[in-house]
Amino acid sequence: MSEGESPDLTELAKRRGFFLQSAGAYGGVSGFYTFGPQGAALKDNIENTWRDRFTVQEGNMEIDAPTIMPEPVFEASGHLDGFDDMIVECPDCGESHRADHVVEDNTDYEEAEALGAERVGEIIAEYELVCPVCGTGLAGQAIEEFNLMFETNIGPGSSSPGYLRPETAQGIFVEFPQLAEYARNQLPFGVTQVGRAYRNEISPRKSLVRVREFTQAELELFIDPEEDEPDLSAVEDVVAPFYSAEAQEDDDGEARELTIREAVDEGLVADPWIAYYLGVATEWYERIGVDMDRFRFRQHLGGELAHYAADCWDAESYITGDWVEIAGFAYRSDYDLSKHDEYSDEDYTIFKQYDEPVTVERPTVDPDMSYLGPEFGGAAGDVADALETLAESDPDAFRDAADDPEGDGTVTVEVDGESHEVPVGQTGFAVEEVTESGEHILPHVVEPSLGIDRALYTVLDHCYREDEIDGEERTFLELPAEVAPTTVGVFPLMDRDGLGERAREVAADLREQGLSVAYDDSGAIGRRYRRQDEVGTPFCVTVDYATVGEARDEDEGEPGTVTVRERDTTAQRRLPIEELPETLEALRDGDLEFAEL
Ligand code: GAP
């Protein structure tokens, strides 16, 4: 078990097939987990609800890009230079640690990354912090930058380096020119992707919370920052706790409950698109089983912003005894598209058509090279370029020179730090009138980036319950039916007298209805209920003697009926067998409450 994990949850996760450390037979490697049958099903269901909310309901398009990309992509994105964590190495045992985590774990400082490497080094010295493994003092040790990307070679040899993507987002950005075509070049449009991302974390910890291979579910929304506005009315009444940067800096500061509309009107969330997605995400987290009393949005402090982000809020959940980031909502401006536009051979702009064509003045120059050549020698070409730039940025400099009453006015340009004066008559300056139907703009990006592993861990932690049934202790997961790995457990009361056969037929009918079914005929019926409770199965169906028309008296149930039991209340109802598939489907989809049966 790694530091910060909930012991009961970790034990349950392994025993019941949610997740376990990978390759345990070979000693295991920190930061890699295998999802067992229950975990893989839960993860799929969580991803499907995300897909429903962030792709289908929002009218976005989903893509699936490779997880390995060539080096130039990450040169352009800034990850090669800027995707670093602070590392400090123990002088004795040689173990490496995240320096900001050493500070956070042993002092009152929070978000130590925002303090910068120098200050973190000072705090390590001031507090005489030691190596978490061997206890040797770390004061005076260098705080280095460590790039988190996994490097590989594409093909044999080392001439074509590649990297495992550290975020799914870049797979969307690089394809922007083609994706814009698919969207008929109309802003705003959104592209989603759910898939694996890889980070060579210095110290993976807290179970699924900080791992080296994980799943992200990201939406990149491309907008025209001057025109596009979200329809806030769809989420304006959603209430969430907001923990502002100001509150974080105040000793008594706390998160405040506000509606999305209030957060925008107060100016707390500066960008309405970010506010919109905070609302969408709140609804989604609640839908998958996150406890809203252990959930908040936290604004990034200035020094904490990622290299691409202009404004950023995190969704956080209270797990592993601490507040943990489970999603980031960033206003990435035109950072990514401008970089790919600059570094690649493609055009990452969109042509924005004006409502009406507009007539604009366009200043031009046509310098007389027979004058510039002899006058400026080898610098003549650069002087001509500088004149062109000046005409665009300051056409009045040419007009003023031309208006000089002496008639010998000059314009001044700088080339390599040296000023050159050029008579305006030799510049060929003119102003043309041109009619333009639109302009090329770089869209801005709004990004809700959700971590699926942390969402899954949160859901398990927040849905974990212990109670007592008939004097016996019970552990169960109060998972929403929509995300539970199994929707219904089907049991024969006993595997004899035709009950097992009938129960297997019931299970097959339910599977045909598209329900996820677990058939279980081993052990006492109470034990079978407990097994399903532990993995969060919301309903169980028992086939008994009444079902096959052999009840000893009427109290045992009408012929052709089964018992349906609800996990949370353990209440039971008898239902005609033919109503079972539709009823269970409606219960799973939230179209019917168990109490209504
Ligand atoms: N594209 C933006 C981006 O990647 P991020 O805040 O670095 O932003 C987004 O990551 C989410 O991915 C996080 O909120 C978290 O849920 C998840 N995540 C990031 N690193 C992780 C790790 N090492 N282990 C598990 N989940 C991680």
Side-chain angles (χ1 to χ4, degrees), residues 2 4-5 19 21-22 29-33 35 43 46-47 50 54 65 67 69 73-74 77-79 82-85 98 101 111 113-114 146-150 163-174 191-221 274 277-278 281 284-285 288 290 295-300 304-317 319-320 323-333 335-336 445-459:
S2 70
E5 283 182 64
F19 58 84
Q21 196 179 33
S22 298
V29 187
S30 296
F32 295 96
Y33 281 84
F35 289 99
K43 184 166 175 281
I46 289 176
E47 286 172 12
W50 170 84
F54 284 83
T67 55
M69 299 178 107
V73 169
F74 298 110
S77 71
H79 285 90
F83 198 58
D84 303 320
D85 274 344
R98 246 186 92 164
H101 286 174
E111 308 304 335
E113 192 178 7
F146 174 76
N147 193 293
L148 296 184
M149 283 198 296
F150 283 102
Y163 294 86
L164 277 75
R165 64 183 180 192
E167 57 171 5
T168 61
Q170 293 306 323
I172 297 177
F173 296 138
V174 290
V191 183
T192 60
Q193 183 170 202
V194 54
R196 299 282 175 146
Y198 304 82
R199 296 184 189 176
N200 198 3
E201 296 286 351
I202 297 164
S203 10
R205 56 185 189 168
K206 296 187 177 174
S207 179
L208 296 182
V209 169
R210 188 169 298 281
V211 284
R212 288 174 166 142
E213 175 172 349
F214 53 97
T215 299
Q216 287 187 319
E218 301 201 294
L219 159 63
E220 309 304 327
L221 183 79
I274 295 283
Y277 283 108
L278 297 185
W284 180 75
Y285 280 118
I288 63 168
V290 172
F295 176 86
R296 70 182 184 191
F297 290 117
R298 190 183 66 78
Q299 188 172 27
H300 272 212
E304 214 187 320
L305 288 175
H307 60 270
Y308 50 73
D311 186 23
C312 195
W313 284 78
D314 285 344
E316 294 187 334
S317 67
I319 47 177
T320 64
W323 286 100
V324 170
E325 173 199 334
I326 55 174
F329 300 79
Y331 190 86
R332 293 177 79 126
S333 68
Y335 177 86
D336 306 276
V445 170
V446 178
E447 179 196 65
S449 169
L450 284 66
I452 293 294
D453 309 70
R454 292 185 188 178
L456 184 148
Y457 191 91
T458 301
V459 167

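Every value quoted in this text rests on a predicted model; they were computed, and no experiment measured them. Numbers for residues simply follow the sequence, beginning at 1. One-based numbering, in listed order, for ligands and for the atoms of each.
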Whether Arg332 lies under 4.0 Å from ligand 1, heavy atom: yes
Part of Ile326 with heavy atoms under 4.0 Å of ligand 1, whether side chain, backbone, both or neither: backbone
Any N or O of Gln216 closer than 3.5 Å to N or O of ligand 1: yes
Ligand 1 versus Thr168: contacting region, heavy-atom distance under 4.0 Å: neither
Identity of the nearest option to atom 25 (C) of ligand 1, non-hydrogen atoms only, from Val445, Val209, Asp453: Val209
Glu218, portion touching ligand 1 at heavy-atom distance under 4.0 Å: side chain
Those residues that, when tested against Glu213, pass salt bridge (Lys or Arg N to Asp or Glu O under 4.0 Å) (two or more places apart): Arg196
Non-neighbouring partners of Arg210 that pass salt bridge (Lys or Arg N to Asp or Glu O under 4.0 Å), sequence neighbours left out: Glu201
Close N or O approach (Ala327, ligand 1; < 3.5 Å): yes
Exercise: do Arg205 and His101 side chains pair donor with acceptor under 3.5 Å: yes
Whether Phe54 and Trp284 hold their rings parallel, tilted or perpendicular, with breakpoints at 30° and 60°: perpendicular
Euclidean distance, Tyr198 OH relative to Phe214 CZ, rounded to 0.5 Å: 10.0 Å
Arg298 charged N/C atom sitting above Trp313 aromatic ring, 6.0 Å / 45°: no
Gap between atom CD1 of Ile326 and atom OG1 of Thr458 - 0.5 Å precision: 4.5 Å
Any N or O of Val211 closer than 3.5 Å to N or O of ligand 1: yes
Rounded distance (nearest 0.5 Å) linking atom CD1 of Ile172 with atom CG of Leu219: 7.5 Å
Option with minimal heavy-atom separation from atom 23 (N) of ligand 1, where the choices are Arg165, Glu201, Arg210: Glu201
Closest candidate by heavy atom, reference atom 5 (P) of ligand 1, pool Glu167, Glu220, Arg199: Arg199
Subset of ligand 1 atoms that lie under 4.0 Å from at least one heavy atom of Glu447: 1 (N), 2 (C)
